[in-house]
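Notes to accompany the following structure.
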Amino acid sequence: MTATYREQGDIAVITLNNPPVNGLGHATRTGIVEGIAKAAENAAVTAVVIVGEGRGFSGGADIREFNTPKAMQEPSLMTVISIVEASDKPVIAAIHGVAMGGGLELALGCHYRVAVAGAQIALPEVNIGILPGAGGTQRLPRILGLEPALNMIVSGKTIMSDKLASTKLFDQMITGDLLVGAVAFAKKVSTVRPLPKIRDIKITYPNADGYLQFARNTVRVVAGPFPAPLKCVDAVAASVKMKFDDGLNLERNLFLELVQTTESKALRHAFFGERTASKVPDVPSDTPLRMIKSAAVIGAGTMGGGIAMNFANAGIPVKMLEMKQEALDKGLATIRKNYENTMKKGRLTQEQFDKRVALITGTLAYEELAQADIVVEAVFEDMGVKETVFKKLDEVMKQGAILASNTSTLDVDKIAAFTKRPHDVIGTHFFSPANVMKLLEIVRGAKTGKDVLATTLALSKTIKKTGVVSGVCDGFIGNRMVEQYIRQAGFLLEEGCLPEQVDKAVEKFGFAMGPFRMSDLAGNDIGWYIRKRRYVEKPEVTYSKVADLLCEKGLFGQKTSAGWYDYKAGDRKAYASTEVNTMIVDHSKAMGIERRKVSDKEIVERLVYALVNEGALILEEGIAMRASDIDMVYLTGYGFPLFRGGPMFYADTVGLSNVVMAIHSYAKGSHPEAWTPAPLLTKLAQEGKTFS
Ligand SMILES: NC(=O)c1ccc[n+]([C@@H]2O[C@H](COP(=O)([O-])OP(=O)(O)OC[C@H]3O[C@@H](n4cnc5c(N)ncnc54)[C@H](O)[C@@H]3O)[C@@H](O)[C@H]2O)c1
């Protein structure tokens, strides 16, 4: 039973028992209704306490029932709450741990609420593009006050129960045992009539119209493309302006409207995508994990330093190895500086700073790393250097240590073969800056042990990353796809665009940064290095030569204060470069291309569909396990607009047959060789199916 009923003297106790967070699934909802009915039937019962077993009161809807008929099956949460509220005997919510979403709405439907300190209170629905749909927008403002309730609902933020102790939300804060306190409270109020109901409270707020208008204006700016926050304001406004039941109806209608929006679907796709990404079909969830209590990093450069910070931030001691003292000192100093900057911004206390800095130490001797549970290699991107490092690691590292490589393009299977323990080798592809970016591509080699994969996935959570598993291929999921995107961006320059136009079009679509600003940030020399390798290894792959011309001039981007754009000292703003723009136009001329005006629509389609097409190949080859994994890579590592849900989800919303049609039309353009539709994409389009 996921909700049980018992009597404790004259007080009935309904206990929610649906681990992990007492989600209000169908069985639990039914249990509550049955409990209220039993309490009503027994004349000896004078009051009812609803309490949660385990980690909290209730975390809200049971996400396992999302998108299933059970989610809406009667008794719905609305029905449960109206039954609780209509009970002739007082119902008391006894809150600990969490009361979130539907869980908090249930508590608001009770006549009284008591809580212990340290409980997380929130209506987080806005985070998945909807609004509280079971009375939360009508009841919370009535009991908490218009402003604080609106802030909670629009932001979805969690507030600790202690912070709300002095508000009317809680009738009593309980110290000591919650149930004992709640039962005592229930006895005290058992005879009080009429029963207090939040629905009966009238909100008084001087100049509510003025405040709501101000709220709308502010929320509109913050919400950007997401419709839910403004609808939250509309719903809360109804709590002031309408009768309770009318407000409830409005809330319901707005909820149903929001559920259908693409933005909300995209947010839910990302929410579930994040959870699904850590599941690997052939790696059971009970796979024994290796302990990660200490770490080592080889190379204290750009990536090595950031990676080390991840471990320290999670409280894991980490030793960095360099070849020369000077490089080591430089790496350690950079880390210190990064932490100092965070402290200056007030996001780190002195104590946290000291602790983190102390957790990162340096060495020049491999022997000192031997006992680390995991070692992440972040040396130069060169197979010869990787070989030296992995042979040495194989020699010195203790048995059972995970040997990870941060390579962005090299073959992890080849790297694994440098050791006598390829099952211990895995790719951990961090993104720059490694201490900031959420994405961690976890590259599963042909021989990577299942426990090594499971441990690395678990580690990604410990260090607060979104871990996505990729198979071995050149560029893995993210960079392999981005290469096609960058290729198209290059062709567009030849055909008539300038960097600014391409970037602006893509940024208008919602990307955090267009391809040229991104390349300037990452360093144009990185792409150049990769292309030079391609010219030898895959001469059939065509590229625009403009980027090579740029690099031949030494314009590597922000690090040289000039790339596709010009940069001024101490300023990251990109200024259009006359020199580069002239170079682009001259190049078209030299190639005999008549430059044309390219529409923003074409720019966006060519860049995004290039991602989608390569994504489909990646799926087909089994490099990515599922389309949502590809989307997670793009949402967390490449600045793809969240409200569009990632490239594959976006393609679904456009319609795959439309995508295929566009690809065929672009194949008639200047570079047909770059536009062979992926067989999977064509097949799904023909069958009228989607990726998800
Ligand atoms: N920079 C990025 O944006 C990025 C992103 C993802 C992955 N990567 C990958 O991370 C790795 C490191 O890249 P980076 O940008 O940090 O390079 P980097 O040049 O900033 O740092 C590499 C460091 O490794 C040290 N090193 C070289 N050989 C060594 C050896 N044999 N033993 C010990 N130390 C050695 C160097 O002294 C240098 O400090 C590469 O494989 C790269 O492809 C880079």
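Each ligand, and each atom within it, is numbered from 1 in the order the structure gives.
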Is a donor from one side chain sitting under 3.5 angstrom from an acceptor on the other, for [X] and [Y]?
X	Y	result
Y543	D548	no
S670	E494	no
E381	T407	yes
Y339	D354	no

Select one of side chain, backbone, both or neither to describe which atoms of [X] lie under 4.0 Å from any atom of ligand 1, heavy atoms only.
X	value
T409	neither
I298	side chain
F430	backbone

- prompt: So do the side chains of L642 and F226 get within less than 4.5 Å of each other, counting heavy atoms only?
  reply: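 They are in contact (side-chain heavy atoms under 4.5 Å apart), so the answer is yes.
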Test of ring centre spacing under 6.0 Å for [X] and [Y]:
X	Y	value
F271	H269	no
Y567	Y575	no
Y485	Y638	no
Y634	F511	no

[X] heavy atoms, cut-off 4.0 Å: which ligand 1 atoms fall inside?
X	value
T407	41 (O)
V389	31 (N)
V385	28 (N), 31 (N)

- prompt: Would the number of heavy atoms belonging to other residues, nucleotides or ligands and lying under 6.0 Å from CD of E351 be above 12?
  reply: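 For E351, atom CD is not crowded (no more than 12 foreign heavy atoms under 6.0 Å).
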Top protein contact for [atom], by heavy-atom distance:
atom	value
atom 3 (O) of ligand 1	S432 CB, 3.3 Å
atom 37 (O) of ligand 1	E322 OE1, 2.8 Å
atom 22 (C) of ligand 1	A378 O, 3.6 Å
atom 10 (O) of ligand 1	N406 ND2, 2.9 Å
atom 41 (O) of ligand 1	E381 OE1, 2.5 Å
atom 44 (C) of ligand 1	M303 CG, 3.3 Å
atom 19 (O) of ligand 1	F380 CE2, 3.4 Å

query: Between K386 and ligand 1, is there a nitrogen or oxygen pair with a distance under 3.5 Å?
result: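 Indeed, backbone or side chain, K386 has an N or O that close.
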Taking the minimum heavy-atom distance to [atom], which of [options] ranks first?
atom	options	value
atom 42 (C) of ligand 1	S408, G299, G301	S408
atom 12 (C) of ligand 1	V379, L328, I526	V379
atom 33 (C) of ligand 1	M323, K392, H429	M323

message: Evaluate Y666 against F491 for ring-ring contact (aromatic ring centres under 6.0 Å, His included), listing each step before the verdict.
response: CA-CA 12 Å; Y666 293 127; F491 294 148; over 10 Å; no
query: Would a search of protein heavy atoms around atom 31 (N) of ligand 1 find one under 4.0 Å away?
result: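 When distances to the protein are checked, atom 31 (N) of ligand 1 has a heavy atom within 4.0 Å.
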message: With a cutoff of 4.0 Å, is K324 in contact with ligand 1, counting heavy atoms of the residue only?
response: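 Checking ligand 1 against K324, which is what was asked, there is no heavy-atom contact under 4.0 Å.
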message: Could you check whether K392 pairs with E377 (Lys NZ or Arg NE/NH1/NH2 to Asp/Glu carboxylate O, under 4.0 Å)?
response: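 Looking at K392 and E377, the cut-off is not met.
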